[in-house]
Protein chains: 2
Amino acid sequence: MPTLGFHKHDHASCISSTLERAEAHCVAHNLKFTPVRKRTLEILLAEHRALGAYDLLAMLSEEGLGTAPPVAYRALDFLTGAGFAHKIEGLNAYIACAHLGEDHAPAFLVCTRCKTVAEADTAADKGRLGQAAAATGFQIEKTVIEAMGICPACVEDAPCA
Amino acid sequence: MPTLGFHKHDHASCISSTLERAEAHCVAHNLKFTPVRKRTLEILLAEHRALGAYDLLAMLSEEGLGTAPPVAYRALDFLTGAGFAHKIEGLNAYIACAHLGEDHAPAFLVCTRCKTVAEADTAADKGRLGQAAAATGFQIEKTVIEAMGICPACVEDAPCA
DNA sequence: CCCCAAATTGATATGTTATAACATTCAATC
DNA sequence: GATTGAATGTTATAACATATCAATTTGGGG
Ligand SMILES: [Zn+2]
Ligand SMILES: [Zn+2]
Ligand SMILES: [Zn+2]
Ligand SMILES: [Zn+2]
């Protein structure tokens with residue numbers, strides 16, 4: 001499903017199954033899935049939208065989980081490090097991974113209007129950049145592949161655009 | 001030349017010819033290539049490295065071209081709008097376009113150590129993202145394609161990494 | 001030539017995103 | 001029950017970007 005996020009799906013189970021896989025991953029790798037980290041992932045999972053660190057912080061703070069920026073950034077560091085979340089560089093915002101556990105090089109379709117994000121697994125996409133890289137001895141550590149645009153729902157809302 | 005920036009080349013003419021093309025473009029499109037804008041492009045062209053807006057501002061300010069952040073951001077807005085420069089989202093930094101006038105969808109190889117950037121013209125890269133987009137009715141307005149890693153020069157300097 | 005409108009610049013303040021630094025708590029290990 | 005490393009709490013600040021409004025320039029009509 002390359003475009004989860006733009007289609008209807010069983011979102012409750014989408015959340016719960018991802019959380020389960022995250023828990024399992026933490027057990028397997030001796031990572032501590034602490035309350036702040038878990039809650040942060042839950043919040044991200046609740047939407048297929050990118051949220052800013054300070055948006056997250058506001059929600060965490062309402063729940064008494066911390067008020068200072070490092071709270072949010074530490075949780076996001078953990079989640080992105082573990083592969084549970086990704087940063088959308090084009091928005092300076094964060095989103096839960098839609099392919100948790102699949103060891104992937106993600107690519108994103110990002111709606112600049114509603115911030116909905118679809119995560120496509122295009123590991124093969126590395127190919128073209130990879131060719132240029134290999135030709136010069138450049139060692140790729142991470143790829144940022146994002147298409148910014150207007151999602152189907154927003155196109156319908158304002159087709160004139 | 002997909003990897004300009006990692007190879008030796010006639011940099012003086014690389015700068016001057018690009019400036020000429022920029023001037024011509026401005027004349028043709030009735031854009032004002034004011035001193036600040038021109039000098040900002042010159043500074044960016046002098047390196048095949050990404051520079052932060054405040055790095056640029058510091059240099060402009062030394063030359064009496066303005067001291068407040070909007071000076072740099074206005075110049076960068078103009079240059080990116082005209083296609084003379086690109087923003088590297090993964091670094092929050094800016095670089096002169098290496099394919100000025102070619103109407104391209106750029107992709108970058110970004111060295112996270114020395115900030116050298118090679119601009120590859122991979123318009124075809126849109127293809128794969130484009131497929132996923134077309135399949136769902138997503139309208140791409142802009143693509144962000146960046147490979148972060150270590151450039152050949154930096155690899156040699158610290159091969160152990 | 002003078003006036004107007006639009007674009008550009010100057011200047012101040014503020015908003016937004018992210019990290020440094022250091023003290024404290026906590027839980028596992030020895 | 002001391003040691004130790006990870007996680008948190010807290011304060012402050014760094015780094016990136018924009019809003020706003022006044023002043024100036026510039027290029028056409030009148
Ligand atoms: Zn993912
Ligand atoms: Zn949308
Ligand atoms: Zn370019
Ligand atoms: Zn390098």
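Throughout, protein chains are lettered first and strands after them, A, B, ... in sequence-line order, and every chain is numbered starting at 1.
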Protein heavy-atom contacts under 4.0 Å, written 5' to 3' over nucleotides 24-30 of chain C as B (base), S (sugar-phosphate only) or - (none), form the string -------
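The stretch residues 68-92 of chain A comes close to DNA chain C through A/Pro69, A/Pro70, A/Tyr73, A/Arg74, A/Lys87, A/Asn92, each having a heavy atom under 4.0 Å from the strand.
For B/Glu102, there are no salt bridge (Lys or Arg N to Asp or Glu O under 4.0 Å) partners two or more places apart in sequence or in a different chain. Among residues two or more places apart in sequence or in another chain, the side chain to side chain contact (heavy atoms under 4.5 Å, CB included) test is passed with B/Arg37 by B/Lys32, B/Phe33, B/Thr34, B/Phe78. Under the side chain to side chain contact (heavy atoms under 4.5 Å, CB included) criterion, A/Ala50 pairs with A/Ile88, A/Leu91, A/Ala93, A/Val117, sequence neighbours left out. With sequence neighbours left out, the side chain to side chain contact (heavy atoms under 4.5 Å, CB included) criterion links B/Asp10 to B/Ala12, B/Ser13. Here A/Tyr94 pairs with nothing under the ring-ring contact (aromatic ring centres under 6.0 Å, His included) rule; sequence neighbours left out. For A/Lys115, the salt bridge (Lys or Arg N to Asp or Glu O under 4.0 Å) test picks out no residue, with sequence neighbours left out. Among residues two or more places apart in sequence or in another chain, the side chain to side chain donor-acceptor pair (under 3.5 Å) test is passed with B/Glu20 by none. Residues satisfying the side chain to side chain contact (heavy atoms under 4.5 Å, CB included) test with B/Arg21, not counting sequence neighbours, are B/Ser17, B/Thr18, B/Leu100.
The salt bridge (charged side-chain N to carboxylate O under 4.0 Å, His left out) analysis of residues 80-91 of chain B, with sequence neighbours excluded, yields the pairs B/Lys87-B/Glu89, B/Glu89-B/Lys142.
Residues B/His99 and B/His86 bring no donor and acceptor atom of their side chains to less than 3.5 Å of each other.
Note that the first and last nucleotides of DNA chain D, 5' to 3', having any atom under 4.0 angstrom from a heavy atom of chain B are D/dC16 to D/dT20.
The residue B/Thr67 sits apart from the nucleic acid: no heavy atom pair falls under 4.0 Å.
Summarising the geometry, the separation between CG on B/Leu57 and P on C/dA11 is reported as 13 Å, rounded to the nearest angstrom.
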